Amino acid sequence: MNEKNNRGKFASKIGVILASAGSAVGLGNIWRFPTETGENGGAAFILLYICCILLLGLPVMISEFLIGRRTHADASAAFEILAPKHHQWHWVGRIGLLAGIMIFSFYSVVAGWTLNYAVQAGLNRFNQMVSTDGSNVYSSYFNSFVSDPLMPTLCLVFFILLTHYVVARGIEKGIERFSKIMMPTLFLLLLLLAGFAMTTEGAAEGLNFLFRPDFSKINSSVVLSAMGQAFFSLSIGIGCLCTYASYFRKEVNLARTAGSVALIDTFVAIISGIIIFPAVYSVAGMEPSEGPSLVFVALPNIFHIIFSDYPVLAYVLPFLFYFLLVLASLTSTISMHELITAYFHESHHMSRKKATYMVTAICLVLGTLCSLSLGVGSSYTIAGMTLFDFFDYLTAKWMLPIGGLFIVIFTGWYLDRKILWEELTNNGSLRFFGFHIFLFVLKYVAPLGIFMIFLDQLGVF
Ligand code: TRP
């Protein structure tokens, strides 16, 4: 009991929303969303993605919140507490942990790149790069940077240590305060950049790509990607938000918090698209389907073009952008680190300090391997993919939706209806509009939706 009372708590309601949104908003929105949108044909993919957020993602998120807040325990123990007789349910939490370790490892590689880009922008390097042979300097820079064995690895190590530092400081001091400042600043800057993007010559074509759907582009792999992206972006399917919710107070309105987080998250993703696709169409030779390099090649290019007459802006805005991207990634990796740390600390009675070090050590090793797999280790592949791509593919497209499927089955079919109602209405003190509709989506629409997308991918239809 003591242990429970000593657990940290988020101090304010806005802190709760910002910390959860801080987990959700990150490279998933600003780097992965444009990459996936570009590779999957644009507007039609975005429509599918939004359907997945509403019908599949929100029920999973609300379920994670209520499981976490009900039990005040780490994700794996939470299932054990709620389902003591059928204790196989804790496997949902454990597999989530494994996915969390894999995501943290490959995610930190890209976060390391953003760190390097923030430093390079701070040194004003991007404005000094000139091409000698007519090729795109930003593209050459990116390719040579990521395949270098040393620099990206150093950035990754530094970034993981930064995450370690914040997690070690604990919930309120570390995570909440940090998110409160970072999130609003990031918002404002993205809006400002979207405004500038509208003035570029590729703006019309970029917006067309983003908002005019071509339904002939939809196939089973596009649908799987949209579902994976929705889960990845909302940070759901592995118990990450379940762990955060275990630090929520009893007054927090879970459904409304989930709605706000999903809204903020989708908004940031779409705004990132509005910044990046006009940029892509303004740079000669770039294609939306370029892949993971979009944010690191199209953006420096376009900053250079738009602000060529305003050296101060050309220096300040890119620096601020990459700096905030580092912070946005940090609020996401903190939530992954916290998920695993809380598990070792609480379920294995390890001191919090020791648990934090252990998670950091595991992810340093795996993260380094992911980073090297893009350069010197690129010949070692799994199912034809580098370790980096394999971790991304396996987690986002399979592990998160499968985790989500079990989570909605758990809350919709296994958990006592009374617990659901108590958590969603805070013991009757809140009104939950449309409880029956929500139950219907939770019990039928979400699990069947996820299941059918998998069957479709496996070629059953
Ligand atoms: N959602 C975050 C992003 O968009 C990444 C993230 C944090 C995540 N925690 C997660 C993804 C848990 C999947 C599961 O950047």
Side-chain angles (χ1 to χ4, degrees), residues 27 29-46 110 113-114 116-121 123-148 152 189-214 216-217 269-322 325 374-375:
L27 292 170
N29 308 60
I30 298 169
W31 166 75
R32 202 174 185 283
F33 174 78
T35 305
E36 290 284 308
T37 305
E39 286 175 348
N40 289 294
F45 169 84
I46 297 184
V110 186
W113 299 347
T114 63
N116 172 60
Y117 270 61
V119 172
Q120 300 299 334
L123 298 171
N124 206 13
R125 290 271 162 73
F126 293 122
N127 290 312
Q128 294 153 359
M129 290 180 182
V130 268
S131 165
T132 44
D133 57 359
S135 63
N136 184 330
V137 262
Y138 300 107
S139 171
S140 323
Y141 173 75
F142 176 77
N143 291 330
S144 68
F145 170 71
V146 296
S147 53
D148 182 72
L189 182 76
L190 287 177
L191 285 176
L192 187 72
L193 290 179
F196 280 118
M198 293 296 100
T199 66
T200 58
E201 59 177 289
E205 234 179 314
L207 294 182
N208 213 4
F209 180 77
L210 266 182
F211 297 120
R212 185 164 300 166
D214 172 359
S216 67
K217 296 209 168 120
I270 305 273
I271 296 281
S272 309
I274 297 182
I275 299 172
I276 286 159
F277 289 103
V280 170
Y281 282 104
S282 305
V283 176
M286 275 210 93
E287 290 291 330
S289 55
E290 200 93 352
S293 65
L294 280 185
V295 176
F296 298 97
V297 177
L299 282 186
N301 238 312
I302 200 72
F303 286 143
H304 189 65
I305 298 172
I306 310 181
F307 304 124
S308 58
D309 294 332
Y310 310 97
V312 177
L313 290 183
Y315 171 72
V316 174
L317 291 183
F319 171 65
L320 205 57
F321 175 78
Y322 287 110
L325 199 50
L374 295 174

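It should be emphasised that the depicted structure is a prediction, and the values quoted were computed from it without experimental measurement. Index from 1, following the sequence.
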Listed partners of [X] passing ring pair (Phe, Tyr, Trp, His ring centres under 6.0 Å), at least two apart:
X	answer
Tyr138	none
Phe33	Tyr49
Phe307	Phe196

[X]: which residues meet the side-chain contact (heavy atoms from CB on, under 4.5 Å) condition with it, sequence neighbours left out?
X	answer
Phe211	Leu207, Ile270, Ile274
Pro311	none
Leu320	Leu189, Leu324

Spacing of [X] atom [atom1] and [Y] atom [atom2] [to the nearest 0.5 Å]:
X	Y	atom1	atom2	answer
Leu374	Asp148	CG	CG	12.0 Å
Leu210	Thr37	CG	OG1	7.0 Å
Phe142	Ser147	CZ	OG	9.5 Å
Phe145	Ser140	CZ	OG	15.0 Å
Glu36	Ile46	CD	CD1	12.0 Å
Tyr281	Asn208	OH	CG	8.0 Å

Restricting to non-hydrogen atoms, name the atom on [X] and the atom on [Y] that form the minimum distance, rounded to 0.1 Å.
X	Y	answer
Gly273	Pro278	O-CD, 3.7 Å
Ala203	Ala197	CB-O, 3.7 Å
Gly202	Ser282	N-OG, 2.9 Å

Inset, instruction - Assign the ring pair Tyr322 / Phe126 to parallel, tilted or perpendicular, where the plane angle (0 to 90°) is split at 30° and 60°. - result: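 Rings of Tyr322 and Phe126: tilted, 30 to 60°.
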Inset, instruction - Sequence neighbours left out, what passes side-chain hydrogen bond (donor to acceptor under 3.5 Å, both in side chains) with Asn143? Give chain and number order. - result: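 Asn143 satisfies side-chain hydrogen bond (donor to acceptor under 3.5 Å, both in side chains) with no residue once adjacent residues are dropped.
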Legend entry - Contacts of type side-chain hydrogen bond (donor to acceptor under 3.5 Å, both in side chains), residue Asn116, not counting sequence neighbours: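 Testing Asn116 for side-chain hydrogen bond (donor to acceptor under 3.5 Å, both in side chains), a comparison that skips the adjacent residues, returns Gln120, Tyr141.
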Inset, instruction - List the steps and the verdict of side chain to side chain contact (heavy atoms under 4.5 Å, CB included) for Ile30 and Thr114. - result: CA-CA 11 Å; Ile30 298 169; Thr114 63; over 6 Å; no
Legend entry - Partners passing salt bridge (charged side-chain N to carboxylate O under 4.0 Å, His left out) against Asp214 (at least two apart in sequence or in another chain):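 Scan of Asp214 (salt bridge (charged side-chain N to carboxylate O under 4.0 Å, His left out), adjacent residues dropped) gives Lys217.
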Ignoring hydrogens and angles, write down the donor-acceptor pairs under 3.5 Å from the side chains of residues 283-305, residues two or more places apart or on other chains.
unit_1 : atom_1 : unit_2 : atom_2 : d
Glu290 : OE1    : Glu287 : N      : 3.2
Asn301 : ND2    : Asn136 : OD1    : 3.3
His304 : ND1    : Asn127 : OD1    : 3.4

